[in-house]
Amino acid sequence: MENEELSFDGKILNTPYGKQDAYGALSMPIYQSAAFEFATAEDMEDAFKGKTSDHTYSRITNPTVQYFESRVQAITNALSVTAVNSGMAAITNAIITLAQSGSNIVTSKYLFGNTYSFFATTMAAFGVEVRFCDLRNADEVESRIDDNTCAVFLEIITNPQMEVADLKAISAITKQKGVPLVADTTIIPFCAFKAKEWGVNIEVVSSTKYISGGATSLGGLIIDYGNFDWLSSPKLHTLAKEFGKASFTAKLRKEILRNLGAYMTPQVAYQQSLGLETLSLRYDRATTTCLQLAERLEKHPQVESVNYTGLPTNAFYALSNAQFGNKPGAMFTFNMASQEACYNFLNKLTLVRRATNLFDNKTLAIHPASTIYGNFTPEQRNEMSVSEKTIRISVGLEDVEDLFRDFEQAMI
Ligand SMILES: *Cc1c(COP(=O)(O)O)cnc(C)c1O
């Protein structure tokens with residue numbers, strides 16, 4: 001059967017290797033080698049000039065990493081996929097590919113903490129302005145875009161606020177304005193969300209989360225859908241005359257990625273490629289449990305409110321359902337009466353782990369205000385709607401009854 005005709009899991013499991021393995025290995029071998037040798041000087045020249053796809057040096061490409069990328073490409077129908085060594089590396093490499101001094105980025109204040117810091121501090125030092133706006137307000141988004149806007153950046157569901165981006169509305173604006181839409185989709189994996197169908201141009205993912213297969217390793221992915229006209233990009237329009245739809249990937253792979261050096265290692269590519277094989281299975285289990293827990297906690301007297309976009313009572317339910325289906329991820333938050341009540345709950349947990357990270361096979365609980373956002377001022381936390389009454393849960397693969405029992409005994 002042709003790979004394109006297969007289902008999601010079929011595509012992952014049947015993605016062919018770039019070359020036939022010498023020993024017929026069923027699992028892609030880990031090519032743990034910094035460099036690759038050539039039969040002749042001419043072959044070497046061709047490889048360095050990009051005339052052949054032979055590997056030269058593992059900071060640039062590596063067979064194991066390339067195989068992982070080709071599996072992701074098979075399930076996303078992307079023009080190209082680039083694997084890097086963390087979610088933050090995916091975000092920084094993608095943004096540096098697009099931005100230059102004088103550029104601005106239009107985004108929301110509701111961002112992953114390091115992404116916020118990267119925009120507001122790191123990029124600001126190089127003359128790139130960040131324009132925070134309310135992404136629910138289409139007019140505001142439109143009015144903040146100008147000729148120097150290099151990207152509109154968003155997270156499809158923000159964490160811990162759980163605000164859902166209206167991708168149809170936002171992508172209509174970015175398309176009309178000729179600005180690429182860059183989306184961090186870490187919170188909902190490829191099996192439940194098809195970014196291309198919702199107008200995303202560049203997708204960035206922390207593969208540390210769902211894809212790694214149980215928090216085995218850090219990784220990131222940059223996915224280029226080839227659906228943007230780069231002639232309208234202030235930085236890439238010259239390149240666009242030569243590379244057309246592939247201009248972003250050309251800039252990323254031929255310059256930014258190799259200069260910044262945040263390559264994915266072959267061991268990690270192996271682990272995360274294996275993680276992909278069970279992604280839809282794990283996602284289905286964790287999200288089913290997540291919805292059940294959210295429903296039960298909503299009724300608990302010690303819980304003031306539950307925030308999960310899969311609950312019909314949630315303000316984003318309809319939008320979330322349209323974009324991500326009826327089980328929108330394995331993370332939810334809930335509010336208790338006070339920070340003290342939250343700490344009390346956390347300290348009594350016996351099965352659920354007190355830890356950061358998302359989408360491990362183990363269920364994790366954290367108090368975001370005092371940890372992830374602990375270095376922000378109370379005013380900044382307020383602006384970011386991070387409350388000291390909130391607990392965040394990342395649901396793993398344990399039995400729902402075991403988890404609920406642990407929650408209940410910790411609430412007393
Ligand atoms: C974890 C996370 C990141 C950063 O990923 P790392 O792999 O830790 O660098 C970025 N965005 C979101 C939404 C995340 O959850």
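We count ligands from 1, going down the list as the structure has it; atoms in each ligand are counted the same way. Computed from a predicted structure; not experimentally measured.
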Is the closest basic N to carboxylate O distance between D166 and R136 below 4.0 Å?
no
Do any N or O atoms from the side chain of R392 and from the backbone of H367 form a donor-acceptor pair under 3.5 angstrom?
no
Interfacing atoms of ligand 1 (cut-off 4.0 Å, heavy-atom, M88):
4 (C), 5 (O), 6 (P), 9 (O)
Does ligand 1 have a heavy atom under 4.0 Å from the side chain of L358, from its backbone, from both, or from neither?
side chain
For atom 7 (O) of ligand 1, closest protein heavy-atom neighbour:
T208 OG1, 2.6 Å
May I ask you to check whether F132 and F119 place their ring centers less than 6.0 Å from one another?
no
Electrostatic pair E398:R285 at N-O distance under 4.0 angstrom:
no
To check your reading of the model: name the closest protein heavy atom to atom 4 (C) of ligand 1, its residue, and the distance in Å.
F112 CE2, 3.4 Å
Classify the ring geometry of F345 against F334: parallel below 30°, tilted from 30° to 60°, perpendicular beyond 60°.
perpendicular
Closer than 4.0 angstrom, basic N to acidic O: yes or no for D146 and R131?
yes
Of all the atoms in ligand 1, which lie at a distance below 4.0 Å from a heavy atom belonging to S206?
1 (C), 2 (C), 3 (C), 5 (O), 6 (P), 7 (O)
Nearest protein heavy atom with distance in Å, relative to atom 11 (N) of ligand 1
D184 OD2, 2.7 Å
Return yes or no for this condition: an N or O of K209 is under 3.5 Å from an N or O of ligand 1.
yes
For G87, the atoms of ligand 1 under 4.0 Å from one of its heavy atoms are 5 (O), 6 (P), 7 (O), 9 (O)
